[in-house]
Protein chains: 2
Amino acid sequence: MSKSNNVYKDAYNRGLRLLDETQSLPSEPELGTLLGVSRTTVRTILARMEETGLIAWNKRNKTVLRAPKPDDFFPEEETDTLAQIIERSFMRRLLAGGAEAGMQINELELAREIGVGTTSVREFLIRFSRFGLIEKRRNSHWVLKGFTRAFALELTEIREMFELRSAAAFAALPGDSPVWADLDRLEAEHHLLKTEIATRFNEFSELDERFHRLIHRASHNRFIVDFYDVIAMIFHYHYQWNKAQERERNEVAVGEHLAYIAALKSRDLGKVDAACRKHLKSARHTLLTSIPEIGGRIVS
Amino acid sequence: MSKSNNVYKDAYNRGLRLLDETQSLPSEPELGTLLGVSRTTVRTILARMEETGLIAWNKRNKTVLRAPKPDDFFPEEETDTLAQIIERSFMRRLLAGGAEAGMQINELELAREIGVGTTSVREFLIRFSRFGLIEKRRNSHWVLKGFTRAFALELTEIREMFELRSAAAFAALPGDSPVWADLDRLEAEHHLLKTEIATRFNEFSELDERFHRLIHRASHNRFIVDFYDVIAMIFHYHYQWNKAQERERNEVAVGEHLAYIAALKSRDLGKVDAACRKHLKSARHTLLTSIPEIGGRIVS
DNA sequence: ATAATGTCTTTTATCGTGAAAAAACATTTG
DNA sequence: CAAATGTTTTTTCACGATAAAAGACATTAT
């Protein structure tokens, strides 16, 4: 089986969408940068487009013959990378319950269950280990540390430290920095989302990530920027399993973001600090209440 | 070739040292915990010890027949893990110069040069990536970000944030916490090293790591504790290539540590903060001066 | 009956292999 | 001759296979 051609399939699907917009496709290198793949993959895509009668391809001439039908697209699930597939399976197991702290993780079993090779699982676990949820025993199994209250507290402690510092750095940026335009755009998106919150509340999580990443980037510190991956990953799955009062929570968060943005624009460090603290506090609270901690249980 | 038996060889060497101390070895499970390996490996070790006439082995009876000779030990280099071998090779290349930022890293080439499989190199690079010195291009090569001044500054920024917080947490620990005894022991070691600094200055780096890890552990935050791996790794190699004024630097650092320890013991947060800041400042300075930055060069 | 030894099974660590994808080189075209 | 296309080589990604090491089960000894 070796290797799936998901890169090709995904790029092909995105390539199909280009056909609606023009009558003739650009050059191969141009398509490559557009789709984020190599020329080799571009040519494979073009070859299939020609085969299925979507385009007529003759050297520099790539004429669009017809609009793509739903049938032309590869199925979504075939466009995922192995890493995504493994991550999803792993997180499903982890959140499905029965994933107590201290539990052993078996590479072989995981690989068999997901239907992939052990190498891919191993590499996934190594990458995943930086999130602080699992730990390796040398020459032996991995140990699950569990998504516990302690984990959430440790995570938010760092997050608060990093974001307060980044926010201060952001406010201190010169007025001609391009980040201010980015911030304006995000502010507008927040305002728009606020008015349509009743129907679009589930779009907040994506906006949230872009907003916080913009702020973290102002730190100009790779460790701070990289750490946001941990936060993003946790919040991503957190949003998936905790749907309680999602609309209300997101509405509150949008308001906090707007106050936070206003504070940044005022460039008043005191205001920035206060607005940032307030938002982080409620973010922490949301995360903590969603943790299914067994409180007060007597362990014999 | 598959897999080297370095676990066995290393444990065997450590096992040989036990023979000097007793006339008969303990039970297999006991030996296992003592050497940190499974019973399977213990039995392989015992089998060889019997073969080479070091012990007489009959079930529960493991009588020492003779003291081990230098010849009995496996060569040091055969006891290294593959990961260690790859790390050393990689760092040697990186520090040997010609490792400009932006340079591509080729898994296959690295693997061939070191004489190992690509899988091991891949896994190493994934693990190594958390140090912030390399970055992966999806479906493509790794990019070296370089051990630059910017890297050192970003690293020390986080270090200072984390250590100041850990030191404060340390000072706030209750008097009956076992860390105070650990601190006392480290203090004594520092005093001893100070008096013998002329000959033992190169032993400082190991003491340094133990001291700072003790402090970081007081944060009770896995992200802070784990981050010390990055610092330790950098300082480990830094010590290897920058031997200029090593004795003087270490002497100064020992003095700073002692002041830092005294401040912690005073439990006066102001003093702790000042002593910690002072030490971190000189640590940063040492690191920065050792970076071979090409300053003011005009890049055409 | 507990703890050790003896034996068998499973898992981890590592390699070689081959298809997918990228990259390099050669050739053509505007 | 610069940029595109055509062709070939190299590298990455992922798998199955195998020895080392861990772990589980069965048996024996105190």
Side-chain angles (χ1 to χ4, degrees), chain A residues 1-11 26-32 35-47 57-62 81-83 85-86 104-112 115-126 136-142, chain B residues 1-11 26-32 35-47 57-62 81-83 85-86 104-112 115-126 136-142:
Chain A
M1 211 192 306
S2 216
K3 194 181 175 181
S4 89
N5 52 355
N6 65 79
V7 173
Y8 153 66
K9 285 177 177 171
D10 181 55
S27 75
E28 294 174 12
E30 229 169 308
L31 276 169
L35 298 171
V37 294
S38 74
R39 247 189 78 219
T40 309
T41 305
V42 167
R43 299 188 110 238
T44 322
I45 290 169
L46 290 173
W57 181 25
N58 187 280
K59 307 202 167 172
R60 309 192 175 204
N61 232 336
K62 308 170 195 81
T81 53
L82 239 204
I85 294 166
I86 296 174
Q104 286 183 199
I105 297 166
N106 188 319
E107 290 177 5
L108 202 61
E109 190 189 316
L110 255 178
R112 269 195 301 245
V116 297
T118 51
T119 314
S120 313
V121 170
R122 277 174 69 80
E123 287 181 6
F124 165 76
L125 291 171
I126 295 170
K136 175 99 184 122
R137 293 286 133 87
R138 266 180 109 268
N139 283 307
S140 183
H141 54 263
W142 292 81
Chain B
M1 212 191 308
S2 218
K3 194 180 176 182
S4 89
N5 52 355
N6 66 79
V7 173
Y8 153 67
K9 285 178 177 171
D10 181 55
S27 75
E28 294 173 13
E30 227 169 309
L31 276 168
L35 298 171
V37 293
S38 72
R39 248 189 77 217
T40 309
T41 306
V42 167
R43 299 189 109 235
T44 322
I45 291 170
L46 290 172
W57 181 24
N58 187 280
K59 308 204 167 171
R60 308 191 175 206
N61 231 335
K62 308 168 195 86
T81 49
L82 239 204
I85 293 168
I86 296 173
Q104 287 183 201
I105 297 165
N106 188 319
E107 289 177 7
L108 201 62
E109 190 188 317
L110 255 178
R112 271 195 299 247
V116 298
T118 52
T119 315
S120 312
V121 170
R122 279 174 67 79
E123 288 182 4
F124 165 76
L125 291 171
I126 295 169
K136 174 98 185 127
R137 295 284 134 87
R138 266 178 108 267
N139 282 308
S140 183
H141 53 263
W142 292 81

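Remember, it's a predicted structure, so these values are computed and weren't measured experimentally. In what follows, every chain begins at residue 1, and chains take the letters A, B, ... in the order their sequences are listed. Hydrogens, waters and symmetry mates play no part in the numbers below; they use all other heavy atoms, side chains included.
- Of the candidate nucleotides C:dA21, D:dC13, C:dA19, D:dC13 has the atom lying nearest to any side-chain atom of B:Glu107.
- Scanning for side chain to side chain donor-acceptor pair (under 3.5 Å) contacts around A:Thr40 gives an empty result, with sequence neighbours left out.
- Nucleic acid contact for B:Lys62: sugar-phosphate only, since backbone atoms but no base atoms lie under 4.0 Å from a heavy atom of the residue.
- The side chain of A:Lys3 sits closest to D:dA14 out of D:dT5, C:dT14, D:dA14.
- Using a 4.0 Å heavy-atom distance criterion, B:Ile105 is classed as a sugar-phosphate-only contact.
- Within 4.0 Å of A:Thr119, counting heavy atoms only, lies at least one base atom of the nucleic acid.
- If you check every strand for non-hydrogen atoms under 4.0 Å, B:Arg137 touches nothing.
- Look at B:Asn106 and you'll find a side-chain N or O under 4.0 angstrom from OP1 or OP2 of D:dT12.
- Contact check, A:Ser27 against D:dA4: a side-chain N or O comes under 4.0 Å of OP1 or OP2.
- Residues satisfying the side chain to side chain donor-acceptor pair (under 3.5 Å) criterion with B:Asn6, sequence neighbours excluded, are B:Ser4.
- The overall bend of the helix from C:dA1-D:dT30 to C:dG30-D:dC1, read as the angle between its terminal helix axes built from five base pairs each, is 30° when rounded to 10 degrees.
- With the nearest nucleotide of DNA chain C identified for both B:Thr118 and A:Arg138, A:Arg138 has the one nearer the 5' end.
- Among the atoms of the strands shown, only primed sugar atoms or phosphate atoms (P, OP1, OP2) are found under 4.0 Å from some heavy atom of B:Ser120.
- Look at CG on A:Asn5: it is 15 Å from C1' on D:dT12, rounded to the nearest Å.
- The side chain to side chain donor-acceptor pair (under 3.5 Å) check on B:Arg39 picks up B:Glu28, with sequence neighbours excluded.
- Looking at which nucleotide of DNA chain D each of A:Asn6 and A:Arg43 is closest to, the 5′-most match is held by A:Arg43.
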> Using a cut-off of 4.0 Å between protein heavy atoms and nucleotide atoms, how would you tag nucleotides 23-30 of chain D 5' to 3' with B, S and -?
Replying inline: BB----B-

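- B:Ile126 has its CD1 atom 10 Å from the P atom of D:dA14, to the nearest Å.
- Nucleic acid contact for B:Lys136: sugar-phosphate only, since backbone atoms but no base atoms lie under 4.0 Å from a heavy atom of the residue.
- The side chain to side chain donor-acceptor pair (under 3.5 Å) test applied to A:Ser140 returns no partner, not counting sequence neighbours.
- Listed nucleotides C:dT11, C:dA13, D:dA22 differ in distance to A:Arg122; the shortest reach to its side chain belongs to C:dA13.
- Each of C:dT14, C:dA22, C:dG18 was ranked by its minimum atom distance to the side chain of B:Asn139; first place goes to C:dA22.
- For B:Asn58 and B:Glu123, each mapped to the nucleotide of DNA chain C holding its nearest heavy atom, the one lying further toward the 5' end belongs to B:Asn58.
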